[in-house]
Amino acid sequence: MKIELDKAYEAKKFEDEIYKTWEESGFFNPDNLKNAKEPYCVLMPPPNVTGILHLGHALENSLLDTEIRYRRMCGYKTLLIPGADHAAIATQARVEKELQKNGIKNPREELGREKLLEEIKKYAENSKSKILNQIRKMGTSCDWSRFAYTFDETRSSAVNTLFQKMYSDGLIYRGYRVVNWTVKGQSTCSDDELIYEEEPVTIYTFKYSHDFPIPIATTRPETKLGDCAVAVNPNDDKYKKFIGQKFTVDVGALNPLTITIIADDNVDTNYGTGAVGVTPAHSMIDFEMYEKNKNIGIIPVIGKDGKMNENAGKDYQGLSTKEAREKFINWLKENNLLIKEEETTHSVGKSDRFGDIIEALPMRQWFIDVNKTIPGKNKSLKQSMKDVFTIGHNGNKKKIIKITPDRFVNSYMQWIDNLRDWCISRQIWWGHRIPVWYNGEEILVPKTITEIHVTRHGLTDWNKEERIQGSTDTPLDEQSVEEIYEMAKKFKNENFDIIICSPLKRARQTAEIINEELKISIEINKLITERDYADFEGKQKSEIKEKYPEYEKNKISFDIPGDEENYEELKERATKFIEYIKTNHVGKKILVVSHHAFLRSLNIIIEDATNEDALKYKLPFGTTDKYQILDGQYKLKGWTQDPDTLDTWFSSGSWTFSCLGWPNKTKDLKTYHPTSWMQMGYEILFFWMARMILMSTYALDDIPFKDVYIHGILRAKDGRKFSKSLGNGLDPIEIINEYGTDALRLSLLKGIAPGNDAKFYEEKVMGSRNFVNKLWNISRYILMSADTIKIIKKQPKPNTLADKWILRKLNSLIESTTKDLNDHNFSMASNALYDFTWTDFADWYIEISKVEKNKDEILLYILQTLLKLWHPFIPFITETLWKNIDSKLLMVSSWPKANKTKPDSLIEFGKIQEIIIAIRNIKNDNKIDTKTIINCHLESDKYTKLIKEQSAIIENLAKVKLTSDIYKDTIHITNIDIYIEIKINDEDKKKQIIELEKYINILETKLSNKQFTDRAPSEIIDAEKKKLEDAKELLKKLK
RNA sequence: GGGUCCUUGGCUCAGUUGGUUAGAGCGUCUCGUUUACACCGAGAAGGCCAUAGGUUCGAAUCCUAUAGGACCCACCA
């Protein structure tokens, strides 16, 4: 059966459908790869939910997917887990900015925590769903069933567990230390979240007072209002006599300052004045000195608002740092204390996200201690982080992480050496709440946090009319059903583990409708059913009887603790329920669907409310209440959770194992950790790679990944970064729409070297698009001209020289591609494939196949092999074409294996190519139309037989007629003379001779060098000799 | 102050342990619509591989300096 294919490949027509086919096949999920044994797991660096996919993501997706598709075809049990990162500070900053644009000047104040969080969540969810679709557009073959979000339940539970573990090991502590503070963002940030910019500053040299013996210098005069010491080098003859002395100086601060002269080895006697004014509150370095000499004290003079506080004194309080600086300088001048002013530049730390200058402020925050010995181990986290690149984790050489390119180890080690304790608490709201509760001075860091969200069932006619007639176990009314569907949408992103509902119809039905959205398990629990009747609301049994006379006749028939349950019994039942949760659903996030009276009694026992207060309790339909059980403790009155959130990298650090289900002992964790390969840009080496290593070695006692590949940044053609503010961004989706995903992927992978930046521009994509189209047309030709299209399993027997040659080339290609992909050498692999496909196969072999005929099998075989080899790079077009060949998916076909072939065809075929090219050249030089057939005679001592056998190819490809007539003009190539009926340009000949003579000269010098002939390997010498021989012979003929 | 990377034809870049007269794509030029493909075909021009030394029989490749460019870390009293 003949098939028809369009003249040009239109990516748009096929891509979405192909992706759907893949996704529906189930093969993205390794559980469905039945024959695969050895696991191969790669995690997607989760894109931030701060916007949409950019080119960097496109590059990462191309790398990830090419890797994973290759491994899948090789027979690995491949898993690529897709993810997204809530990106705490980045997302909140983004949303706040948007809100400000819309007129909300101070979103935190105006909206409050809950409302702002809702806004951020809305934004994040929206962005997330866009990103996920874009990942699909990229063709990424990830297992969507294992999708992980840093802010979902599993990942949050990992965060909490990790925090608790580190806290109980003493590695996380709460301390008063100097931290980086962004006034604009009103939050701390880690040392790595600063960007430094060179700015002009003035250095002021001054004395605190006229009788103070040591001058000091500063670029931040206003902080000097909080100075507590002056540090000098202990070996400094000039100053060492003052060490230990105290001076009282009045510089205008609230209280006169007591300046202690202390010794510090780090003070350089030759730099500046040779002495350092120590401001413990507003410099990390000075704070470290304070920690060694606590008696000097610490005086913060700048507040969280970036303004001078009361310690700074009446004159300064309330001023901005800039105003205070001017004022202080003026004071120095007036009092003749200013010695010198010098202009210089200085790198100023700014907040990466908010852009303002960072203030160093002392605060009580949470930190990870990187230097403390880990309990049960003989080393610190810092040491652990180093070991994985040197001696291996725990000294195990098998647990050394391989990094490509390995030069990044250097900068990593340097970073580790300078690592200070990591400040992990942030004052922003979007993020994992710090899992610590306070009650006065008491601190609780629970091992388990169980969450109970309670909601009411939908209404029935019975509820609405407050009837107690007929059966009480009635189904929902229609309107309620609608309302529950609405409500269910809200629960969709809550990530509940389980729904527990009352056995009554209305509750069960409610739970089932909600579960259509959540798709989790439902547990029916009698403990939370409706009470029969009770005296709880102050009504006596008799009153109820009075109000609803029919009631007695319709007794509820299900099994609850008696039909005369009273208030105390109801509370007892609620307590029992809590106990039940505590033993059976520890650590879960539970949605409870129950009845108002029960929920009220639950509220009473948890909140320790009085009966009277409890009467005010209302939980209108559609709303939820939330309770927590911390390590079994559920009465949490008086306890409040820390309002701060965790640094976003705290959760990203656990990515390799939280993605696989930790802290639960899941099968995935056992199978896939450590993960096989990790890929990231060098800009997040410290942020992310370092933290993953820290977390994984600590929590799992293992490395997070075996192999890490570092890629560079994509830049515009002018070398600048792509950025929104420059407006030079290229939207990957627009590129896909115009050129197709395959073209985009190929242009991203071709010509990139690991760790190096690469420039990206549209022409590159155009080139790739052209190639994709070429592949389409190659296939179109083969498929449309073949008599039968079938799978060719075995390499067909070569019949001609060309057959032998192309198969030899193909087998080398299989070998090199396999090797390159094993080494993650994507660029080299694609270049070699490109070359073979376009030049060897299309330009030569297919053209020959038009002459030699009957090559269906061999053409199909090569095409099939090529589609396989290309599949990891350009999955869409290859799969589209494959559909015409096989009903099975190319995605799960097996990777080609190279057959052994002899190399002898290479030289002979090369000769034929040389002849053809030489003739084409002459024609071109003489402006003869390529297709005009000219007469020509070939003469060779060595290749007579070859020429005779291959004459058809020569005649057809060079468009000549081979004759026995000898013509006057000849061109010469090694060992062959080509007599041709057209005139040859003498200039060309002369040029050829000059070049050849030069070449001979080089070879002769080389060979006459005794050192060379003595020391070089014999095969190299022989080859050089042969070259010289051939060249000399050719030269003779040319002359 | 410490460290890293880059410098290869007009542009963008490959070049895997040192071994053909250094490759590709785009661009330029010439010729060409031969039914797979003008998103094409045939061909051409264009490079002392930044500079200077060194190691070696042999260097774009290894070493050392220098220049220019980019970046990271620390410090910045």
Side-chain angles (χ1 to χ4, degrees), chain A residues 5 7-9 196 201 203 205 216-220 230-231 266-268 271-279 283 285-286 344-348 405 407-408 410-411 413-415 417-418 682-683 685-686 712-713 715 717 719 739 743 750-753 755-761 763-764 766-785 819-820 823 825 827-828 831 834-835 842-843 846-847 850 917 920-921 923-925 927-931 957-959 995-996 998-999 1002-1003 1006 1009-1017 1019-1021 1023-1024 1027 1031:
Chain A
L5 293 172
K7 209 168 164 183
Y9 174 65
Y196 290 94
V201 285
I203 300 182
T205 307
I216 54 162
T218 183
T219 55
R220 295 286 313 266
V230 165
N266 292 323
V267 176
D268 184 347
Y271 190 92
T273 64
V276 185
V278 181
T279 322
S283 153
I285 302 281
D286 294 2
T344 181
T345 58
H346 178 112
S347 68
V348 178
R407 62 183 144 90
F408 283 106
N410 279 341
S411 48
M413 289 298 181
Q414 194 183 27
W415 180 82
D417 283 337
N418 290 314
Y682 60 74
E683 76 278 10
L685 211 69
F686 307 138
I713 293 170
R715 292 169 182 280
K717 211 168 183 177
Y739 299 104
K750 252 171 71 100
I752 56 155
N756 286 5
D757 291 353
K759 294 189 176 126
F760 186 85
Y761 42 91
E763 292 93 308
K764 235 175 182 171
M766 257 149 85
S768 299
R769 187 270 319 262
N770 293 354
F771 173 78
V772 168
N773 190 55
K774 183 76 185 178
L775 182 61
W776 175 262
N777 272 293
I778 290 169
S779 313
R780 178 170 185 253
Y781 173 70
I782 295 172
L783 296 175
M784 283 172 65
S785 56
K819 187 185 177 300
D820 288 340
D823 298 343
N825 241 325
S827 177
M828 263 198 246
N831 277 333
Y834 184 99
D835 236 36
D843 292 346
I846 292 185
E847 290 311 313
K850 293 173 185 170
I917 289 169
R920 283 171 174 173
N921 250 319
K923 280 199 195 174
N924 254 298
D925 285 352
K927 314 250 168 194
I928 293 170
D929 192 340
T930 325
K931 68 184 175 186
L957 266 62
K959 299 290 175 207
E995 273 177 16
L996 199 56
K998 229 164 52 187
Y999 179 44
I1002 293 167
L1003 289 171
K1006 205 178 204 179
N1009 185 340
K1010 203 167 162 290
Q1011 306 266 45
F1012 175 69
T1013 45
D1014 285 354
R1015 299 199 195 179
E1019 62 264 29
I1020 299 257
I1021 297 170
E1024 298 296 301
K1027 277 188 249 167

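Keep in mind that the numbers below use all heavy atoms, side chains included, and drop hydrogens, waters and symmetry copies. Because the structure is a prediction, the values reported are computed rather than measured. Numbered from 1 within each chain, the chains take letters A, B, ... in sequence-line order.
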When you check every protein heavy atom under 4.0 Å of nucleotides 38-48 of chain B, what one-letter string (B, S, -) results, 5' to 3'? SBSSBSS----
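Atom NZ of Lys850(A) sits in a crowded spot, with more than 12 heavy atoms from other residues, nucleotides or ligands closer than 6.0 Å.
Here the CG atom belonging to Asn777(A) is positioned 10.0 Å from the CD1 atom belonging to Ile846(A), to the nearest 0.5 angstrom. Distance check, rounded to the nearest 0.5 Å: CD1 of Ile1020(A) to CZ of Phe1012(A) gives 7.0 Å.
Heavy atoms of Ile285(A) sit under 4.0 angstrom from primed sugar atoms or phosphate atoms, though from no base atom. Within 4.0 Å of Glu1019(A), counting heavy atoms only, lies no atom of the nucleic acid at all. At the heavy-atom level, Ala275(A) lies under 4.0 Å from base atoms of the strands shown.
Looking at which nucleotide of RNA chain B each of Tyr834(A) and Lys850(A) is closest to, the 5′-most match is held by Tyr834(A). Nearer the 5' end of RNA chain B, as judged by each residue's closest nucleotide, is the contact made by Gly751(A), out of Asp820(A) and Gly751(A).
Proximity of Tyr739(A) to Val772(A): side-chain heavy atoms (C-beta onward) are nowhere separated by under 4.5 Å. Side chains of Asn831(A) and Asp835(A) form no contact here, defined as non-hydrogen atoms less than 4.5 Å apart.
Nearest nucleotide to the side chain of Asn756(A), out of A36(B), U12(B), C5(B): C5(B). When distances run from any side-chain atom of Pro1017(A) to the nucleotides A36(B), G19(B), U21(B), the shortest one goes to G19(B). Side chain of Lys959(A), nearest nucleotide from U12(B), G3(B), U34(B): U34(B). When each of C37(B), C6(B), C72(B) is scored by its nearest atom to the side-chain atoms of Arg780(A), the top-ranked nucleotide is C37(B).
Here Glu1024(A) pairs with Lys1027(A) in a salt bridge; the nearest charged N to carboxylate O distance falls below 4.0 Å.
Atom C1' of nucleotide A36(B) and atom CG of Leu5(A) are separated by 10 Å, given to the nearest angstrom. Rounded to an integer number of Å, the gap from Lys764(A) NZ to G27(B) C1' is 15 Å.
Residue Lys759(A) places at least one side-chain N or O under 4.0 Å from the OP1 or OP2 atom of C13(B).
The same atom, P, is picked in G15(B) and in A52(B); the two are 25 Å apart, to the nearest Å. Annotation: C72(B) and A65(B) have their C1' atoms spaced 23 Å apart (nearest Å).
Residue side chain Gln414(A) reaches the base of G2(B) through a donor-acceptor N/O pair under 3.5 Å, judged by distance alone. A donor-acceptor contact under 3.5 angstrom links the side-chain atoms of Ser347(A) to the base of C75(B).
Residues Gly274(A) and Val267(A) share a closest heavy-atom pair of O-CG1, 3.5 Å.
A distance-only check finds a donor-acceptor pair linking the side chain of Ser785(A) to the backbone of Tyr781(A) [under 3.5 Å]. Checking side-chain atoms of Lys959(A) against main-chain N and O of Thr930(A) turns up no donor-acceptor pair under 3.5 Å. A distance-only check finds a donor-acceptor pair linking the side chain of Asn773(A) to the backbone of Tyr9(A) [under 3.5 Å].
Pairs of Watson-Crick or G-U wobble type, with distances under 3.5 Å, assemble into runs of 3 or more in RNA chain B at these ranges: B:1-7 with B:67-73, B:10-13 with B:23-26, B:28-32 with B:40-44, B:50-54 with B:62-66.
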